[in-house]
Peer 1: 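Okay, handing you the structure first.
Everything numeric here is computed off the predicted structure, so don't read it as measured data.
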Amino acid sequence: MFRKPEAAALLNCTPRQLDRWIAERRIGVIKPAGPTGPVFISRAEIERCLQAWSVPAEQ
């Protein structure tokens, strides 16, 4: 599990951009303390996003 700044670094984006993606429901989050608590992103969700958003290299 990663907090937003760590997840943003792994996704090569800013925490603000990550907040937008979360609001747009483009990336799933876990909120163990309810809607006002901290937000966590799973490693599996980060890997899913990286795979889905990657562009294959031209051959």
Peer 1: Could you tell me whether the side chain of Ile22 reaches within less than 4.5 Å of the side chain of Lys4, counting heavy atoms only?
Peer 2: yes
Peer 1: Contact between Glu45 and Arg48 at the side-chain level, heavy atoms closer than 4.5 Å - yes or no?
Peer 2: yes
Peer 1: State which residues pass salt bridge (charged side-chain N to carboxylate O under 4.0 Å, His left out) with Arg3; sequence neighbours excluded, sorted by chain then number.
Peer 2: none
Peer 1: Grab the two heavy atoms, one from Leu10 and one from Leu50, that are nearest each other, plus how far apart they are.
Peer 2: O-CD2, 4.1 Å
Peer 1: Are the side chains of Ser42 and Phe2 in contact, using a 4.5 Å heavy-atom criterion?
Peer 2: no
Peer 1: Minimum heavy-atom separation for Pro5 to Pro15, with atom names?
Peer 2: CA-CG, 4.4 Å
Peer 1: So which heavy atom on Leu18 is nearest to which on Ala8, and how close?
Peer 2: CD2-N, 3.8 Å
Peer 1: Check whether any side-chain heavy atom of Ile41 sits under 4.5 Å from a side-chain heavy atom of Leu11, and report yes or no.
Peer 2: no
Peer 1: To the nearest 0.5 angstrom, please state how far the CE atom of Met1 sits from the CD1 atom of Ile46.
Peer 2: 10.0 Å
Peer 1: Using a 6.0 Å cut-off, check whether atom CD of Glu24 has over 12 heavy atoms from anything other than its own residue.
Peer 2: yes
Peer 1: At what distance, to the nearest 0.5 angstrom, does CG of Asp19 lie from SG of Cys13?
Peer 2: 9.0 Å
Peer 1: Quick one: closest heavy-atom pair of Trp53 and Arg26, and the distance?
Peer 2: CZ2-O, 3.9 Å
Peer 1: For Ala33 and Pro38, work out which heavy atoms get closest and say how close.
Peer 2: CB-CD, 4.0 Å
